[in-house]
Amino acid sequence: MYPYQTIFENHLFQQQLASTTILSYRHDLINLFHALQSNPQVTSPAQITAADLQEYLLQMKKAATITDTTYNKILSHLNQYFIFLFQVKLISSLPTLSLKGTMLKHANAIPTTWSEQLPKLLTNTELSFYTRLTLLLTAHFYAAAEFLQPGFYLIWQSEPLTATEQHFMNEFHQFHQPLSQRHNSRDLFLKQRHTNSEPYLTLPALHKYLQRDQTQLDFSLSPQKLRTAAICNFLQKNRQLATQVCCRRLHLDLNSLNYYRLLSFSSDSVSKH
């Protein structure tokens, strides 16, 4: 147990986080408070300082028990916990305010083969459903401007999926169903809260989800860059595929296909030298 566990985990549940994600929060918070038991100056969350948290995270890194990605994940969990306590006035200051995540190496670089990691990415419950759905749709070569459009779900319904992808979509629909009912819409990207305006998630709003999850991955979550990398990877592996087939599979017109073919050839040449 850790302080305020019940109300905090009820809050996480109301945010429709996966049970495995909530268990991950629990694990990280129990570890924190277990480690702080040796400090007689800390008997409640209100007494925890930024220095306490910094020392705790530093000791974990010194012991080489966590990677940079795990460090960022733990810091994110602690941050959400203390933000919640601050919002409900159980603490009067934010001890995580001055703490920064670890900059991942090559975080802006996107491996051309990132889409080959898709099965693992889709099962990573540390990533939000909207981030994972973005990765899935982008791996199927759709642009954000396309899949954020009202009615896109009708196009997506006809897309062939692997067993892993279909399993993820089944989980996504469970998460999505209350939103769909609330907004009376079957579109995939809907706002979490009911508003009098359009219920559809905007591109800037989607980027907020992606930025929040960026610390979990060692490559950029820019939808445009991800799509370019996925298309180039496909073209590098399918040099002999007919132009018409490529246009259909990649959702491109001929001019766009020729552009990506040149880009993929350039990328392939660079990687071989």
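Remember, it's a predicted structure, so these values are computed and weren't measured experimentally. Values below: all heavy atoms of this structure, side chains included; hydrogens, waters and symmetry mates excluded.
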Heavy-atom pair of closest approach, residues L217 and L221
CD1-CD2, 3.7 Å
Pairs in or reaching into residues 18-39: which pass salt bridge (charged side-chain N to carboxylate O under 4.0 Å, His left out), with residues at least two apart or in two chains?
E9-R26, D28-K73
Partners meeting side chain to side chain donor-acceptor pair (under 3.5 Å) with T202 (sequence neighbours left out)
none
Here the pair of heavy atoms bringing H183 nearest to P199 is ND1-CB, 3.4 Å
Quick check: closest heavy atoms across F172 and L188, and the distance to 0.1 Å?
CZ-O, 3.4 Å
For Q236 versus S264, what's the shortest heavy-atom pair and its separation?
NE2-O, 3.1 Å
Listed by chain and number, what are the ring pair (Phe, Tyr, Trp, His ring centres under 6.0 Å) partners of Y200, not counting sequence neighbours?
none
List the residues meeting side chain to side chain donor-acceptor pair (under 3.5 Å) with Q224, not counting sequence neighbours, and say none if there are none.
none
Under the salt bridge (charged side-chain N to carboxylate O under 4.0 Å, His left out) rule, collect the residues that match up with E165, sequence neighbours excluded.
none
Those residues that, when tested against T228, pass side chain to side chain contact (heavy atoms under 4.5 Å, CB included) (two or more places apart):
C232, Y260, L263
Qualifying residues under side chain to side chain donor-acceptor pair (under 3.5 Å), relative to Q47, sequence neighbours excluded:
T43
Exercise: do N170 and Q174 side chains pair donor with acceptor under 3.5 Å
no
Holding to salt bridge (charged side-chain N to carboxylate O under 4.0 Å, His left out), I want the full list of residues that pass it with D213, two or more places apart in sequence or in another chain.
none
Side chain to side chain contact (heavy atoms under 4.5 Å, CB included) with Q157: which residues, sequence neighbours excluded?
Y153, L154, R186
Check residues 244-254 and write down every donor-acceptor pair under 3.5 Å in which the side-chain atom is one partner and the other belongs to a residue at least two apart or another chain.
unit_1, atom_1, unit_2, atom_2, d
H251, NE2, H140, O, 3.0
D253, OD1, N255, N, 3.3
D253, OD1, S256, N, 2.8
D253, OD1, S256, OG, 2.9

Could you go through residues 113-124 and list every donor-acceptor pair under 3.5 Å that involves a side-chain atom there, pairing it with any protein atom two or more places apart or in another chain?
unit_1, atom_1, unit_2, atom_2, d
W114, NE1, L226, O, 2.8
E116, OE2, N233, ND2, 3.4
E116, OE2, K237, NZ, 2.2
T123, OG1, P119, O, 3.4
T123, OG1, K120, O, 2.9
N124, OD1, E126, N, 3.0

Review item, side-chain donor-acceptor pairs of residues 78-99, under 3.5 Å, at least two apart:
unit_1, atom_1, unit_2, atom_2, d
N79, OD1, T96, OG1, 2.6
Y81, OH, P3, O, 2.7

